[in-house]
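Here, residue 1 is the first one in the sequence, and each next residue gets the next number. For the numbers below, each heavy atom of this structure counts, side chains included, while hydrogens, waters and symmetry mates do not.
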Amino acid sequence: MGTDDISNESVLDLIGAIYEVALDGSRWEHVLTRIDDAIGGRTLFGVFDPASGLSSLLSPRIDPDRVQELLGWAPRNPLLPLGIGRTPGEVFTIGDFITRDEFTRSDFYNEWWQPGGFDTEPLTTNLLVDHNATGILTSHRPSDLPPYDDKARRLFATLAQHLVRAVAIQRRTHQLDITGRAALAGLDGLDQGFVLADAQARPIFVNRRAREWLDAADSIVIEAGALSAINSDDSRCLQTLVGSCSIDNPDRIGGEMSLRRLPGRMPLHVQVTPVGSDWAESSVSLASGWRSSAMVLITDPEPDARSRLDALRARYGLTRAEAAFALEIVKGGGRKATAERLGIADGTARSHLSKIFDKTGVGRQAELVRLLLQK
């Protein structure tokens, strides 16, 4: 397929599949194959968590023998220690750490990398960095194809955020009976809100973080026993998305949306995903016989946005307004669309962009987006 051919609907469907695999680890290879098709690469996925017993090294498009050989290269792999400190979900590549010449002179490149037919600009993100637990995802571009373009990089960066959350959910549920409330209580450790709801948006399970937002009542609330929102339009959208996940609906699409909060707060991001029918049949039920139809994952962008904004200001000397503009333009649509989303005049946006170019040393929007996604 490739990024030129993938539609927004296909991206949403792929994101939904990513969250489904969090509850059914046997589907990882299927999801990784879909990611390969969407980005145009060969994905290598690895998670090692001795505390939970979760361990996987998968790559549907790379020779299995070559994947296993990678384990033996660990002591002499010059790339292995380089990305350890990177935040999960942050995208990086080899050139962020060492030059191409340094890498191509290594035994690892000449004996494992080059024979595999990989180019020297893979896209990589940490999925998990927690004490002795590690997780990483790398998308290798075949060396006979052009390097990844900006659209592929943006798509990889988008999927990376959802993969990080899916791995976090899988860690909490691995080797547990997900049908029991004691097992679901393990999801209280997530930074994201996690809700299981029936087709009428009635919550069946709510984790600690989601409960905190419900109690605060500044975005998502419970009204008439169902998930709702302080904004009526958001309520209708949320309940429509949850209803679309009904087991009786053959399409079962789900989707994503933003939940507005009180003035001065960034909206919450909400991803609604159908729960697999087999799993839904055995999931937590109440005396009323309600069955979970949808998994609702709620993410607060403010902590990550603050840290990224501060990092940009420190790295390039940007003002707060310039850094906020730089982060927003990564979402696509160009200068004018970014200005509209931020509620500023186009002239102000033009001024911000000019100063950002000067301070970061790039001369085009595409170069800026690539720089921000790499850093």
Using a 4.5 Å cut-off on heavy atoms from C-beta on, say whether the side chain of [Y] contacts that of [X].
X      : Y      : answer
Ile94  : Trp113 : yes
Ile169 : Leu297 : yes
Leu227 : Ile220 : yes

Handout entry: Exercise: do Tyr148 and Ser139 side chains pair donor with acceptor under 3.5 Å
Key =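 Side-chain D/A pair, Tyr148 to Ser139: present.
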
I need the [X] [atom1] to [Y] [atom2] distance, nearest 0.5 Å.
X      : Y      : atom1 : atom2 : value
Arg165 : Tyr19  : CZ    : OH    : 4.5 Å
Thr273 : Asp13  : OG1   : CG    : 10.0 Å
Leu128 : Ile136 : CG    : CD1   : 11.0 Å
Asp96  : Glu121 : CG    : CD    : 10.0 Å
Ile298 : His269 : CD1   : NE2   : 11.5 Å
Thr93  : Leu123 : OG1   : CG    : 6.0 Å

Exercise for the section: Indicate, with yes or no, if the rings of Phe97 and Phe92 have centres closer together than 6.0 Å. Expected result: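 Here the rings of Phe92 and Phe97 have centres that are less than 6.0 Å from each other.
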
Practice task
Only counting residues at least two apart or in another chain, list the ones meeting salt bridge (Lys or Arg N to Asp or Glu O under 4.0 Å) with Arg61.
Solution key: Asp37

Practice task
Please report the shortest heavy-atom distance between Arg42 and Gly116, naming the atom on each side.
Solution key: NH1-O, 3.1 Å

Exercise for the section: Could you name each residue pair satisfying ring-ring contact (aromatic ring centres under 6.0 Å, His included) that touches residues 209-229, not counting sequence neighbours? Expected result: none

